[in-house]
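Please read the structure below before turning to the comments.
Numbering starts at 1 and runs along the sequence shown.
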Amino acid sequence: MKAKVLDIIAAVVVIATISSVLIHQWSNVSAFTAQEAESVKTAVLRLDPNDMRINGDLLTGEASMQTEGKEEKVYFHYTIGTEEEKVDWEQKRFPQHIIAEVRLEEPEAERNLYQFDFENHLNAKSIHWIVTIEAMQLRSEDRSVWSLPSSLRRSLILMLEKLPAVQTTDYIQTMLFNQSHAIAGETLDAYRGIGLLHLFSISGMHIQLLLTQLRFVLLRMKVSHESTNKLLVVFLIAYGVLTGWGIGVFRAICTHFILLVGKITDHRVEAKDAFAFTLMAAVLYNPLLIYTASFQLSYLLAGVLYFLAPVSAEWELNGLLKDICLTALMTMVSFPIVAYHFFEVSWIGIFVNVIFSFFFSWLLFPIFWFLFFTVLFFPETPVLGVLCTVSDNLLTLLENFASAAADLNFASVVTGRPPAFYFALVWVALLLLLLRVEKKRRDIRVLCFLIVAVGLFSFAHQLTPSGKVVMLDVGQGDAILIIAPFHRRAVLIDTGGMLTFEKEAWQVRETAATSGEKLVTILKAEGVKKLDMVFLTHADQDHVGSLRELAEGMPIDKIYFPKGAEGNVALAAVLLELQNQQHVTLYPVLGKVDVKIGADFVFRILAPLSPGDGGNEDSLVIQTSIGGLDWLFTGDLEEEGEELLMRTYPDLKTDILKIGHHGSATSSSEDFLDQIQPELAMISVGKANRYGHPDGKILERLELRDISIFRTDQQGAIHFLYGSEKTEWRTILANKKYK
């Protein structure tokens, strides 16, 4: 503050930042009102092949839409009609102009607590509408000069697909050309599970390697240092255009660009200053980027490395030990961000990062670049096959290692997403540690403070005095989570599951995460480290289909299911596998049995009364008291089962009823509702499901009896919180609280 020029610079930065935020807020609005969007029937869309993804028979991506004299960026869906049409779309090189019949709808926010928020994701890109293309009337290609960068990038991507190795091609497209969907989701999950996600989506470290190699080649060719720097600047800009300026790529390119311009103009620029300018440029361009995991990890880890590089250079350690120490610091610094977005942190990343960094920096990246330039200039050379074989074998080895490491339960800590206080505590401790490292001071008190802060953070949910019941939004299925106060017990009723329908091979869509993987993520977001008990109401896929993946992602102690359901071949195979391989204890049960959950927490099993075959009428019916209310969970019980229940338990009453069979017309009869007299009904049902659930007659019956209704298709996950003599209902999608 003693130098006026620095005051002026600081003021300019502050004013520019505030102006950027305000401009972004003012400009980031839709050109259409909700009423105008409903009236849109025909539109002209410009589709860039680089922004499209073909998944089975589904074409999705970002597009520019023109209609009624207005233009806006949108996210589109289109169902491909034939296999020939799919091949045609896959080979497109130029942007496409289409006139189509369309339907607009607003993107939805998260449907379960702390899950992926598609609305915010699109909003950060200034996208406010999802467009469903219902029919294409006319299509043409844009071959103008402005489309050349896009078509060139697409041509390179298609050229890479000629490599005789699918696995290597996927990695090259992902890591060199910012095609984030190329690598299989399960592989990325394994890398994320051991703290290596930055290698694929955020690092940009291959650019440093490439610049070093290009500089070496140019200088060997007797090109002067000045000309080399200028050529590298041109290369950086060209590479950014070709790769689409991903977050990590932009950070690396912009930082090196500033450093090179400094050399060209004879102005000495320090690396951390170039990084700071890059950070400001990124935030000024789009302030909403700061909310993304890729931005946070990319800039945080790069920033720490820039500031610690001078200090680490003076460490009197051998190369391997220095790498391990730096990786340990990176792991600790990334801890709060990884926990916030992914709900668990793996400490094994401290060691495997060193291994993977070696393989990618010194083996795979050079191979990737060599393959790219070889297929570009010498596509028929036999060396391609040899290098692809070497690359594929290395990648398979690393993927297997990552998968095995990710399966080590002791190596990861499930944190959930604790309250903000615990995040602040960890950030303060990390800041103090980094300051001590930068000043080359050893302070055991700071280290102890960090250990305590991380410990409190990791077990914050066990310090929560309230409990909860959550009807999770798992689409057209059931999954109900019950957590006792202080997380003493975690119980799940049903697991949900994906209902599959027969399709031709070319129509089958790959999912980024299966229903079971999504369920595990949802549970971890709630701070659940293991499930003490899982109750399976019956054998239908939409109630038990995610059981195997649930058990793979989270320890389960006991599984209860209606006696006779083991006669279902698919369910029996999963149960036997879990019993033999994971030593889960199995309990087939019938009605009129109490299952003790905790000291003062009991599940009363009311039905079935005799062994069945695991169908709807054999559903496990559970009655319990939670938070001063009586609850009745009925699975997919239909009218016949309800009549038997009423005859067997004539005095049966409840406060909360989980409506049977997703609100089907064959359940929740008038007599049943009149006898049990619920005050509130919960319906787990998929949005716009093909069965028409919940049936209008059922909703009418509930409304006539003044029974409040919660529905997952309209309100997302439904939370009931209890404890400290207070109860509260919350819905995720509508983001409302009810007393």
Correct closest heavy-atom pair for G416 and H461 would be CA-NE2, 3.8 Å
Self-check item: P465 vs F486 side-chain heavy atoms within contact, under 4.5 Å
Solution: yes
| said: Please determine whether a side-chain nitrogen of the Lys or Arg among D478 and K658 lies less than 4.0 Å from a carboxylate oxygen of the Asp or Glu. | reply: yes
Look at E526 together with K524 and state whether they make a salt bridge at an N to O cut-off of under 4.0 Å. no
- prompt: Parallel, tilted or perpendicular: which fits the ring planes of H543 and H538, with parallel below 30° and perpendicular above 60°?
  reply: tilted
Q. Which class fits the ring pair Y340 and F423: parallel under 30°, tilted 30 to 60°, perpendicular over 60°?
A. perpendicular
Assign the ring pair F603 / F535 to parallel, tilted or perpendicular, where the plane angle (0 to 90°) is split at 30° and 60°. tilted
Residues pairing under salt bridge (charged side-chain N to carboxylate O under 4.0 Å, His left out) where one sits in residues 116-130, two or more places apart or in two chains, turn out to be E62-K125
side-chain contact (heavy atoms from CB on, under 4.5 Å) test vs L578 passes for just one of V534, T585, L550, V584, namely V584
Q167 side chain to E399 side chain, donor-acceptor N/O pair below 3.5 angstrom
yes
_Any donor-acceptor pair under 3.5 Å linking the side-chain atoms of S619 with those of D636?_
no
When you check the gap from the basic side-chain N to the acidic O, do D713 and K687 get nearer than 4.0 Å?
-> no
Are a donor atom and an acceptor atom from the side chains of T666 and E638 found within less than 3.5 Å of each other?
yes
(message) Is there a side-chain contact between T624 and F633 in this structure, where contact means two heavy atoms from C-beta onward sitting under 4.5 Å apart?
(response) yes
**Asked** Do V528 and V414 have side-chain heavy atoms sitting under 4.5 Å apart?
**Response** no
Does K530 pair with D557 as a salt bridge, N-O distance under 4.0 Å? yes
Checklist line | Worked check of side-chain hydrogen bond (donor to acceptor under 3.5 Å, both in side chains) between N28 and N123 | finding: CA-CA 8 Å; N28 191 19; N123 188 50; 3.1 Å; yes
Item to complete: Determine, using ring centers only, whether H121 and F116 are less than 6.0 Å apart.
Response: yes
Parallel, tilted or perpendicular: which one describes the rings of F720 and W729, with boundaries at 30° and 60°? tilted
Legend entry - Heavy atoms of other groups near Y291 OH, more than 12 under 6.0 Å: no
Does some side-chain heavy atom of V595 sit less than 4.5 Å from a side-chain heavy atom of M533?
yes
- Message: Please determine whether the number of non-hydrogen atoms from other residues, nucleotides or ligands lying under 6.0 Å from atom NZ of K558 exceeds 12.
- Response: no
Donor-acceptor pair between D57 and T79 side chains, under 3.5 angstrom: no
Closest heavy-atom pair, I698 versus G663, reported as atoms and distance to 0.1 Å, is CG1-O, 3.5 Å
